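Here's the structure we're looking at; comments come further down.
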Amino acid sequence: MKLYDYVLSGNCYKIRLLVRFLEIECEIVAVDFYPGREHKSAAFLGINPLGQIPVLEDDGLVIRDAQAILLYLANKYDGHGRWWPSGDPRLVGEVTMWLVFADRITATSSAARMHDVLGYDLDVGAARAGARSVFRVLEDHLTDREFGGHEWIAGPAPTIADIACFPYTALAHDGGIDLSPWPAIRRWLRRFTNLPGFFTMPGIDHIRR
Amino acid sequence: MEEASLSSWTAVGLSAAVSPGTACRALVGDHDLVIWRGRDRQVRVWENRCPHRGMRLSYGFVRGDRLTCCYHGWTYDGEGACTLIPARPDLAPPKAVRIGQYARAEHAGIIWAASGSIGMEAPSFPGDWIGCRSIAIDRPREEVDSHFASGRFILSHPDQHGEINRIACAPSLNGDGVHRIELHDSHLFEAVLCAGQPVSGTQTMLHVSVRPRGAAGKHGEALRHVSDWLKEVRTLVENRRAGIRTLGVPRARLPHILERDHGPG
Amino acid sequence: MALDEFTRSHWYAIGRLEDVPDGGSRSTRLLGHDVVAERRAEALSIRLKADGAPLKAQERYGHVWTTLHDDPRPLYDIPEFEEKGRRLVTAGCVSVRCSGLRAVENFLDLAHFPFVHAGILGVEEQATVEQYEVEPDRNEDELWATSCKFYQPRAAATAESGQVTHYKYRVPHPFSTILYKTCPIRDDAWDLIGLFIQPVEEDLSDVHSFVLVFDEDNSDTDLLHFQQTIFLQDRFILENQVPRLLPLVPGSETPTRADASSIAYRRWLRKKGLTYGALPAIRAA
Ligand SMILES: N[C@@H](CCC(=O)N[C@@H](CS)C(=O)NCC(=O)O)C(=O)O
Ligand code: FES
Ligand SMILES: [Fe+2]
């Protein structure tokens with residue numbers, strides 16, 4: 001198994017986290033995303049015509065999109081069905097809903113970060129405003145979950161929905177978004193960093209402390 | 001936000017949100033605060049700046065009853081005196097190093113802070129309160145306050161027969177952003193306390209506690225009820241200026257708060 | 001804030017060579033001015049956007065350089081760029097909301113390794129910074145910190161185990177700094193890592209960095225990822241230091257003996273009359 005990876009990518013980090021949580025072996029192929037834009041090279045477009053990372057290769061199968069890869073890995077390698085509780089239709093619905101939601105976090109919080117860190121030319125005001133409204137939805141959800149005695153986004157234990165939503169929430173400040181208005185989010189981030197096997201990426205080390 | 005000088009007691013967080021061993025950040029206008037709690041359960045509110053090289057202490061970590069800065073590990077005791085410089089453990093930390101402190105108090109499940117020289121006792125609220133939630137509203141505190149004062153917020157609540165009653169919120173206790181709503185016939189709670197933190201000219205954090213009625217097993221229901229109400233309060237306050245009409249919540253879903261029938265005026 | 005003469009008199013990197021390919025251009029900002037670099041028929045030209053006034057240009061150390069000054073001081077030499085067998089990786093530019101001076105000071109600092117780069121460049125159990133020397137060179141044009149050493153669990157992309165790493169630091173320019181560290185595979189050589197900082201505004205910096213090393217095991221991309229990992233860890237700190245500008249007034253922060261390079265750097269900046277990206281001291285006077 002092979003992951004096309006960039007150390008500063010939150011989407012790639014999702015995959016590395018699940019690989020660690022499931023204790024499976026995966027070769028990391030370092031992609032020069034920045035400044036080299038290797039993901040837009042002809043060779044890489046042959047692997048993913050969308051020109052995006054992460055991409056996973058396993059047994060001749062090539063999968064792109066972080067959430068799709070999470071689903072694939074959990075289905076294939078999580079014998080206990082913990083990370084993807086496929087036996088429970090309600091949970092399948094909820095987890096999928098938050099997997100899709102994770103892409104909204106990418107579209108807003110990650111965009112703001114690309115602008116602030118790597119100088120991407122985009123409307124950072126709109127990206128931050130979008131991130132704030134997305135975080136508000138997550139905050140309200142996690143607050144409700146806590147009233148019911150629950151610690152995770154869906155179900156009684158962490159799922160790939162938590163993994164999918166974690167990185168670009170934890171990295172929000174890289175894009176100039178301070179998380180102090182959302183205390184339930186901050187509690188959830190801290191819980192996540194306490195999962196067995198958790199490791200950090202640059203820019204989120206402070207959450208653990 | 002010129003007024004947010006912390007010259008009066010200001011809510012800066014829920015007690016439960018700063019659990020022992022954690023630190024977090026709160027903004028009150030130009031004041032950048034770190035709030036942290038040691039294993040001794042004492043909460044501290046300090047200037048959010050390490051005297052060594054200016055790093056925000058809210059990203060530091062709490063060990064025992066000390067706060068450690070995440071940049072070079074300078075460690076401070078509960079009084080804000082430096083006790084350790086890891087790069088030079090042989091060195092007695094300079095005595096002059098002391099972090100700016102704010103007066104702080106915990107009442108009604110809420111952490112209150114004021115500038116160090118305040119001569120007044122923190123507001124206290126009798127009874128057993130439980131922190132419900134903190135909610136960010138993207139409007140200045142004056143605006144949130146004026147909504148409370150107008151009696152426009154209606155809190156609905158069921159009595160013991162399951163009948164829905166509605167109560168209009170009372171004006172601020174003393175114009176300091178603290179609003180207490182007493183409910184005599186509610187089945188779920190006796191009172192709700194909303195305390196506004198003026199974060200900036202565009203944002204207020206409302207820290208909300210509840211005095212629940214009945215068995216502890218029912219508290220979750222009371223908290224969720226108030227939290228849902230707060231979401232509607234937020235929508236009402238934020239949408240008013242934008243000229244968006246607030247939609248009524250369907251009856252079937254146990255309405256919490258609606259603007260009064262005659263609308264936002 | 002008027003630009004001080006010392007800051008104005010220097011050359012600044014404004015992009016990698018690859019960022020200005022033939023037929024291409026790069027718009028950026030330097031010391032509060034919009035500038036455009038472009039290359040036509042192999043020739044590099046740089047101008048101010050506002051009035052089209054041409055600026056001096058040169059290509060060195062993998063980067064494109066310019067200056068706002070008509071008679072700038074010469075760009076400093078880095079002789080190691082001529083050495084055979086070294087590999088150059090330019091890591092691109094990372095923006096940071098802080099004065100470039102804060103970024104230089106952070107780069108010179110050993111004491112943060114165990115906390116900010118825990119498990120890579122330091123461990124908390126061995127956080128002691130031994131005494132080292134810091135001195136300006138003879139003309140006071142440069143600052144050097146020498147005989148620095150520090151225990152590191154994973155000093156470079158190449159390193160598999162811990163070692164005591166020896167360092168030298170060089171500040172040849174108020175907004176540039178280079179470190180020389182023990183090369184894990186060659187006893188007689190130093191590996192270089194450096195920052196060329198482009199002050200966009202007083203409190204906003206584009207940080208260009210490079211790695212110039214002897215390394216036979218890692219791909220360029222591995223070296224790049226390592227360098228970016230370290231710098232993004234620093235970036236979090238730099239964005240959270242208050243104030244964003246570097247205080248040059250003695251007494252506004254608390255240096256100790258472990259901060260010898262910071263003390264010397266600030267003293268050198270004061271002496272040179274630098275105000276851009278710094279807090280009062282000279283400004284008030
Ligand atoms: N929906 C995709 C988004 C992936 C994505 O945005 N990847 C970024 C790097 S983190 C990328 O490759 N961006 C380049 C592009 O979109 O052109 C996923 O979740 O994997
Ligand atoms: S800035 Fe806090 S320890 Fe150095
Ligand atoms: Fe560093």
Side-chain angles (χ1 to χ4, degrees), chain B residues 23-36 45-64 66-77 79-100 102 200, chain C residues 97-99 101-106 108-118 122-132 148-151 203 233-263 265-266 279:
Chain B
C24 69
R25 181 182 188 196
L27 295 169
V28 180
D30 291 338
H31 297 263
D32 195 338
L33 313 175
V34 53
I35 308 175
W36 68 280
V45 181
W46 291 353
E47 198 182 317
N48 193 10
R49 184 175 169 273
C50 178
H52 176 226
R53 205 85 75 64
M55 182 64 196
R56 291 201 169 98
L57 286 167
S58 51
Y59 300 113
F61 42 97
V62 180
R63 284 183 188 151
R66 308 209 154 155
L67 179 65
T68 297
C69 175
C70 72
Y71 194 0
H72 307 96
W74 285 32
T75 297
Y76 300 91
D77 69 15
E79 269 64 61
C82 182
T83 59
L84 175 70
I85 297 176
R88 292 305 298 254
D90 57 315
L91 215 67
K95 287 241 170 35
V97 176
R98 203 164 275 269
I99 299 169
Y102 290 84
S200 68
Chain C
R97 264 271 160 227
C98 72
S99 158
L101 307 172
R102 285 268 195 208
V104 171
E105 186 174 79
N106 168 73
L108 299 177
D109 175 46
L110 296 160
H112 77 286
F113 288 171
F115 296 92
V116 180
H117 310 297
V123 286
E124 215 184 311
E125 294 68 35
Q126 301 188 53
T128 306
V129 175
E130 308 285 348
Q131 194 83 35
Y132 56 88
C148 313
K149 55 179 189 291
F150 208 75
Y151 174 80
D203 63 351
Q233 291 177 333
D234 287 319
R235 184 182 181 277
F236 178 80
I237 298 288
L238 293 170
E239 292 229 326
N240 282 291
Q241 270 177 289
V242 186
R244 285 188 181 138
L245 303 189
L246 186 75
L248 290 182
V249 199
S252 46
E253 292 185 349
T254 320
T256 72
R257 263 174 282 165
D259 301 300
S261 53
S262 152
I263 297 168
Y265 178 56
R266 294 185 189 198
L279 270 177

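Keep in mind it's a predicted model, so treat the numbers as computed, not measured. These values consider heavy atoms only, across backbone and side chains, with no hydrogens, waters or symmetry-generated copies.
- In this model, a donor atom of one side chain and an acceptor atom of the other lie less than 3.5 Å apart for B/Y71 and C/N106.
- With rounding to the nearest 0.5 angstrom, the NE2 atom of C/H112 is 9.5 Å from the CZ atom of B/R53.
- Counting heavy atoms from C-beta on, the side chains of C/I237 and B/C70 come closer than 4.5 Å.
- Side-chain contact, C/D109 with B/H72: a donor N or O sits under 3.5 Å from an acceptor N or O.
- Rounded to the nearest 0.5 angstrom, C/R257 CZ and B/I85 CD1 are separated by 10.0 Å.
- Looking at C/E124, the atoms closer than 4.5 Å to chain B (heavy atoms on both sides) all sit in the side chain, from C-beta outward.
- Ring geometry for B/Y59 against C/F236 counts as perpendicular: the plane angle is over 60°, on a 0 to 90° scale with 30° as the lower cut.
- Rounded to the nearest 0.5 Å, atoms CG (C/N240) and CZ (B/R49) are 13.0 Å apart.
- For the atom pair CZ of B/R88 and CG of C/D259, the computed distance is 10.0 Å after rounding to the nearest 0.5 Å.
- Contacts between C/S262 and chain B at a heavy-atom distance below 4.5 Å involve the side chain alone, from C-beta outward.
- Residue C/E125: no heavy atom, backbone or side chain, is found under 4.5 Å from chain B.
- Smallest separation of non-hydrogen atoms from C/F115 and B/P86: CZ-CG, 3.7 Å.
- When all heavy atoms are compared, the tightest approach of B/P94 to C/T254 is CG-CG2, 4.0 Å.
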